[in-house]
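Quick note: numbers below take in every heavy atom, side chains included, and nothing from hydrogens, waters or symmetry partners.
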Amino acid sequence: MRLIDNRRDDGTLAEHLRGLLPPATEVLIHVAYLRQSGVALLRDAQRELVVRGGRLRVLAGGDFAQTEPD
């Protein structure tokens, strides 16, 4: 387990995930809120994972109207 804080100098969450997705065969992402802009940052890596037969599951919270349904 690792805490990634976008305000620190060790990289953003998107950068860490882009580095982890290429060798993965299964990815589970659990986030409190999900926005289209965040999905766009990982779209190519996610697509490559699925095209090569990997599994991708995303669980996002829906409280406080922060997650964008689209």
For the student: nearest non-hydrogen atoms of A14 and L42, plus distance: O-CD2, 3.7 Å
Gap between atom CG of L49 and atom CG of D44 - 0.5 Å precision: 12.5 Å
More than 12 heavy atoms of other groups within 6.0 Å of R52 CZ: yes
I'd like a table of donor-acceptor pairs (distance under 3.5 Å, sequence neighbours excluded) in which one partner is a side-chain atom from residues 24-35, with atom names and distances.
unit_1, atom_1, unit_2, atom_2, d
R35, NH1, E68, OE2, 3.3
R35, NH2, Q66, OE1, 3.0

ILVMFWY cluster, L20 and L41 together (side-chain gap under 4.5 Å): no
Where at least one partner belongs to residues 11-20, residue pairs that pass side chain to side chain donor-acceptor pair (under 3.5 Å), sequence neighbours excluded: none
